[in-house]
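These notes concern the structure reproduced below.
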Amino acid sequence: MILRWLCRQRRPLIDGYGHHRRQIARDVSTKASDEATIALDRTRNIGIIAHIDAGKTTTTERMLYYSGFSRRLGDVDDGSTITDFLPAERARGITIQSAAITFSWPPSTGKHPPSAADTPRSADPHTINLIDTPGHADFTFEVLRSLRVLDGAVCILDGVAGVEAQTEKVWIQAGAYAIPRIVFVNKLDRDGATFARTVQEIGSKLNVWPAICGMPWWSGDGKLMGVGDVVGLRGLQYAEGGDGKDVQTSNLSALDDLDAKFGTELRKARVALVELLSEHDDEMVEHYLEANEDHLAISPGAIIASLRRCTLQSSQQVVSVFAGASFRNIGVQPLLDAVVDLLPSPSERPDPDVKSGPASSGLTLTQYLDKTVSVAKTSKPSLALQQMSTATALAFKVTSHPRHGVLVYVRVYSGTFTRNMHLWNTTLSVPERAQKLLRMFADDAVDVDEISSGSIGVIPGLKATRTGDTLMSMPPSVNPKNGPPEQLRDLQLQSIHVPPPVFFVSVEPNSLAEERHVRACLELLLREDPSLHVTLDEESGQTHLSGMGELHLEIARDRLVQDLKAKARIGDIEIGYRETITAESEEIEEIYDRDVAGKSSRAGCIVSVCQLGVASAYDRDLADSDQERHTLDLPDDNLLCVIIPPPSALPTNLPTQTLKSYLRTGVLAALARGPAHGFPMHSTKITLTLDHTTHLFPNTSLSAISSVARLAVATALRESAKIQDTVLMEPVMSVRISVPEENLGAVVHDLSAQRGGSVASLDADGETSYSADAATRTVDVKRIYTPPDPFGSSTASGTGDAVLEAENRAIRVIDATVPLREMIGYLKHLRSLSGGRGTFTMDVDRFEKMSGVRMKAVLEAMGRGM
C-alpha cells in the first residue's frame with residue numbers, strides 16, 4: 001500500500017521534473033536565439049577602399065593597434081604591416097591582394113551587460129570583420145570580389161590629392177552593390193593638405209552631400225594637432241609624437257579659452273550638419289523643433305541616429321565625413337566609433353538575389369528558401385535569412401597558404417557552418433566537406449567550431465570550389481554524393497563579375513617532366529584569381545596566361561615562379577587582341593557521328609556567321625514555323641541566335657534550358673580561336689538552327705550537341721575567312737590623366753601625335769567626373785559647408801565652388817581614348833613629362849578594328865605576317 005502510494009506520488013514528481021526540464025530547454029533555446037541576434041547586431045563587415053597610396057593600409061594598422069589586436073604600429077615603408085604580408089607587397093609597398101582580419105571595437109574586456117537605450121552603439125564591443133583592399137587599377141577584381149560580401153565601406157581620401165580617379169571608380173563599384181559608405185580624409189598633416197577643397201570634391205565628383213562629422217584642428221602655425229567632434233561638440237587634441245592613445249578632450253567652454261576661433265567654427269559646423277540632415281531626414285526636423293530651433297541643443301544621440309538613417313538609405317545621398325592623419329595617429333578612434341555607430345549589421349542589409357540554374361529566379365535568398373514568403377522582392381532587411389536552417393555561403397576568395405594549404409574565404413548568408421559538415425557546391429554540382437573552419441587574422445589562422453550567419457570565415461581543404469561559387473549545407477540524412485533536394489540543387493547566389501583580360505604572357509615548362517607541375521600551378525592560380533585566364537595556342541603549342549594589366553601579370557609571374565616553385569619560362573607581356581569576320585558565311589550543316597565514352601552518339605545542326613549589327617541573308621521569319629528563337633549574349637560582344645524546336649518536340653533528356661546551355665558551351669569553344677590569326681572572336685553573330693526531324697536522333701547526347709555546335713561554328717568561321725580576310729581588333733582604353741597645367745601641352749601632344757590617341761576633353765580637376773557630370777549632378781557645391789584651411793584662399797571658408805578651388809590648384813584633367821599597345825610603360829613616360837606629378841587611370845573602353853597598315857605592323861612584330 002505504501003509502495004503503491006509512493007509510486008502514485010512519484011509520477012507527478014517525475015512529470016513535473018520533465019516539464020521543468022523542457023521549460024529550461026525552451027529558456028536556453030530562447031536565450032541562445034537572443035544571444036545570436038545580439039551577436040549578429042554587433043557585427044560589422046566592412047572594407048577599406050581608396051585610390052592607391054591614400055593610406056588604406058596605414059589606417060588599418062592603426063585600427064588594429066587601438067583595438068588591442070596588435071601591440072605595435074605597423075609601417076608600410078618598413079614592411080612591418082600585418083595586412084600586407086606577401087613578400088611582393090612588402091617589397092613594392094602596395095596592397096596586392098585583399099586581406100581579411102577580425103578585431104573588436106571597443107576592445108572587449110569580457111562580459112558586457114546591455115547598455116541603456118540612449119547610449120551609442122560604440123559603447124558596446126562589436127566584432128569588426130575588416131577587409132583591406134588594393135588601390136591599384138590592375139587589381140580591380142580584388143576590390144570587386146571584396147565589395148560583393150561587404151555590408152559597409154570606409155572610403156579614404158588623400159587630403160592633398162583630393163578625390164582621385166581610382167577613388168571615383170571604387171565609389172561607383174560600391175554604389176552598384178548599394179553598400180553604405182563613410183569617408184575619412186587622411187594625410188591632413190602634410191604640406192598642401194586642404195580639407196575644404198577635398199570636402200567640396202566629394203560633392204562635385206562623388207555626387208553626394210558631405211556631412212562633416214569630424215573637422216581638422218590646426219594650430220596657429222598650421223600644424224595638425226587634433227580633430228573637432230562636430231556631433232559631440234568637443235575638441236580632441238592628440239599628444240604630439242605620441243601613439244594616439246593620449247587624447248585631451250575639451251568641451252565648447254574649454255575650447256573658447258583654448259582656441260576661440262576653432263570653437264566658433266565648430267559651432268558653425270554643427271549648424272551646417274543639422275541643416276543638412278534636416279533636408280534628408282524628417283525625424284531630425286522634429287528634434288530641431290523640440291530643441292526650440294537651437295542647433296546646438298540637439299543631443300549627439302539624435303544626430304547619430306539621423307546620420308545612420310541617411311547612411312542606410314537605399315540610394316545614399318548623404319555621406320559622413322571624418323578627418324585625421326593615420327600616420328600621425330590622429331583621428332582614427334572617432335572613425336572606429338563611426339564604423340560601429342553608422343554602418344549596418346548583416347541583419348540590416350537586404351537579402352542577396354539568387355538564381356536557379358542559368359536564369360535568374362527573381363527572388364531573394366530568403367524568399368527562395370522559404371516558399372511561403374511573397375514572390376515580390378523587398379528591400380527591407382529581415383532576420384528570416386539568418387534564421388534559415390539551410391546554411392548558404394558565397395566563396396569570394398581562394399588562396400594558397402604555405403601552412404594551411406588552399407583556403408576558401410566565405411561569407412555566410414544563412415544558417416551556420418560547422419566542422420565536418422557536408423557541403424554541396426551548387427555552381428559546379430560537386431560535393432565538398434568542411435573538415436576544419438578557420439578565422440583569419442591576415443596571415444595567421446585560428447580554428448573555430450562554426451561560422452555563423454553574417455560572418456566571414458575560411459574553409460580549408462576544399463577540393464574544387466572557386467571564387468564566386470555558392471556553397472550549401474546538406475542535412476545528415478542526405479547522401480553527400482546525391483546532393484541536396486532537387487529544388488535547392490541549382491540555387492546560386494549572384495556571382496562576381498570578372499572583367500575581360502587585355503594582356504597575356506606565354507608560359508613554357510623548362511622540360512616535359514615539369515609540365516604536370518606547371519599545369520597544376522596554373523590551375524591553382526586560376527582558382528585564386530579568376531581575372532587570370534589560361535588558353536592554349538594550338539598553332540604554336542604555347543600556353544598563354546592573360547591578366548588585367550602589366551603589374552597584375554608581373555605579380556602572377558612572381559607568384560608562379562617564386563611562391564609555387566614552377567620551373568617555367570615566362571615570355572614578354574603582349575596585348576590580347578581580338579579577331580572579327582568581315583563577310584557572311586553560307587549556311588553550314590554539320591553532322592557529328594562518333595563514339596563518346598564507348599557509346600555511339602550522333603547530332604547535327606545548321607550554322608551561319610556574320611558581323612554583328614549587319615543584316616543576315618539567312619534571317620527567317622518563324623511566325624508560321626513550329627520552332628522558337630532564343631538570343632544569348634556571349635562574351636566579347638558576340639551574339640548567339642538559337643532556333644530550336646518547342647519543348648513539346650524535344651526528347652525528355654534534352655530540356656530547353658539544358659540544350660541551350662550545351663549549345664552555348666560548344667559555340668564558345670569555337671569562338672575562342674579565330675580562323676586566321678588565332679585570337680578570340682569579337683562582334684560576331686552566330687545563327688544556329690536545330691531541326692528535331694533531321695538533327696536529333698535516338699542516340700543524341702548532350703556531349704554530341706556541344707561538339708557539333710563547336711565543329712559547325714568553326715567551319716563557318718573558316719568559310720567566312722576564305723570569302724574575305726578577317727580583321728584584328730585592338731583594345732582601346734579610356735584614359736584619365738591628371739597633370740599640372742604647365743605640362744598640359746606636352747602631354748596632350750604626346751597622346752595625339754605619338755600614341756594615336758583621341759583627346760575627348762580638357763577640364764579643370766573637379767569639373768567633370770565618372771560618377772556625375774554637369775547634366776545629372778544633384779549636389780550644388782556652392783551650398784556645401786567647409787571649414788577654412790590654415791593656408792587656404794578665402795573661397796574655401798564657409799561655402800565655395802569646387803571648380804574655382806581646382807583652378808587655383810592648376811591641375812588639369814585629360815580624358816582620352818588610346819590604344820592599349822601605346823599605354824605599355826606609359827607611367828614612366830608621364831612622370832618624365834610632368835616632373836613626377838602626373839597620374840593616370842585607365843580601363844577598357846572598347847575593341848576597335850585596326851587599319852591595314854597598323855595590323856600589318858602588329859602581325860610582323862609578333863612574327864606572324866599577313
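The residues of the chain are indexed from 1 along the displayed sequence.
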**Item:** Atom OH of Tyr662 with >12 non-hydrogen neighbours under 6.0 angstrom
**Value:** no
**Exercise: identify the closest heavy-atom pair between Leu553 and Ser546** = CD2-C, 3.9 Å
**Message:** I'd like to know if Asp595 and Arg602 make a salt bridge, using a cut-off of under 4.0 Å between side-chain N and carboxylate O.
**Reply:** no
**Fill in**
Shortest non-hydrogen pair, Ile459 vs Ala434, comes out as CG2-CB, 3.7 Å
**Message:** Please determine whether side-chain contact (heavy atoms from CB on, under 4.5 Å) holds for the pair Thr399 and Val408, giving the CA-CA distance in whole Å, both sets of side-chain angles, and the decisive distance to 0.1 Å.
**Reply:** CA-CA 7 Å; Thr399 185; Val408 178; over 6 Å; no
**Prompt:** Side-chain donor-acceptor pair under 3.5 Å between Ser706 and Thr665, yes or no?
**Reply:** no
**Message:** If we ignore hydrogens and angles and just use 3.5 Å, is the side chain of Ser531 paired with the main-chain N or O of Asp529 as donor and acceptor?
**Reply:** no
**Request:** May I ask you to say whether Glu528 pairs ionically with Arg559, meaning some side-chain N is under 4.0 Å from a carboxylate O?
**Result:** yes
**Prompt:** Closest heavy-atom contact between Thr726 and Ala676?
**Reply:** OG1-CB, 3.3 Å
**Request:** May I ask you to test the Glu584-Ser616 pair for a side-chain heavy-atom distance under 4.5 Å?
**Result:** yes
**Asked** Counting heavy atoms not belonging to Gln724, are there more than 12 under 6.0 Å from its CD?
**Response** yes
**Backbone N/O of Thr582 and side chain of Gln611: donor-acceptor pair under 3.5 Å** = yes
**Message:** Looking at Arg411 and Asp151, is any side-chain nitrogen of the basic one under 4.0 Å from a carboxylate oxygen of the acidic one?
**Reply:** yes
**Prompt:** Is a salt bridge present between Glu515 and Arg519, judged by a nitrogen-to-oxygen distance below 4.0 Å?
**Reply:** yes
**Side-chain H-bond candidate by donor/acceptor type, Ser701 with Ser601, under 3.5 Å** = yes
**Fill in**
Tightest non-hydrogen contact, residues Ala709 and Leu688, listed as CB-CD1, 3.9 Å
**Request:** Could you walk me through whether Val412 and Phe417 pass side-chain contact (heavy atoms from CB on, under 4.5 Å), step by step?
**Result:** CA-CA 8 Å; Val412 181; Phe417 283 78; 3.7 Å; yes
**Item:** For Val143 against Gln173, the heavy-atom pair lying closest together
**Value:** CG1-OE1, 3.9 Å
**Prompt:** Step by step, would you call Leu612 with Asn638 a side-chain contact (heavy atoms from CB on, under 4.5 Å)?
**Reply:** CA-CA 7 Å; Leu612 186 66; Asn638 296 308; over 6 Å; no
**Request:** Could you tell me whether the side chain of Arg578 reaches within less than 4.5 Å of the side chain of Phe847, counting heavy atoms only?
**Result:** yes
**Message:** Run Thr392 and Ser414 through side chain to side chain donor-acceptor pair (under 3.5 Å) and show every step you take.
**Reply:** CA-CA 5 Å; Thr392 311; Ser414 69; 3.1 Å; yes
**Message:** Any side-chain to backbone donor/acceptor pair from Thr700 onto Leu696? Under 3.5 Å, distance only.
**Reply:** no
**Message:** In the structure I gave you, are the side-chain heavy atoms of Tyr413 and Leu394 within less than 4.5 Å of one another anywhere?
**Reply:** yes
**Item:** Polar contact flag, side-chain donor to acceptor under 3.5 angstrom, Thr467-Arg145
**Value:** yes
**Asked** Just checking, is any N or O donor in the side chain of Gln627 or His692 under 3.5 Å from an acceptor N or O on the other one?
**Response** no
**Prompt:** Do the side chains of Thr416 and Glu450 get nearer than 4.5 Å, heavy atoms only?
**Reply:** yes
**Request:** Evaluate the side-chain proximity of Met855 to His677: yes if any heavy-atom separation is below 4.5 Å, no if none is.
**Result:** yes
**Item:** Any Leu820 side-chain heavy atom under 4.5 Å of Val732 side chain
**Value:** no
**Asked** Is there a side-chain contact (heavy atoms from CB on, under 4.5 Å) between Val642 and Leu690 once you walk through the steps?
**Response** CA-CA 8 Å; Val642 178; Leu690 195 69; 5.9 Å; no
**Asked** Given Glu432 and Thr465, is the side chain to side chain donor-acceptor pair (under 3.5 Å) satisfied, shown in steps?
**Response** CA-CA 8 Å; Glu432 297 272 21; Thr465 301; 3.0 Å; yes
**Atom of Ala464, atom of Asp469 and distance for their closest heavy-atom approach** = O-OD2, 4.3 Å
**Prompt:** If you measure only the distance, is there a donor-acceptor pair under 3.5 Å linking the side chains of Ser600 and Asn699?
**Reply:** yes
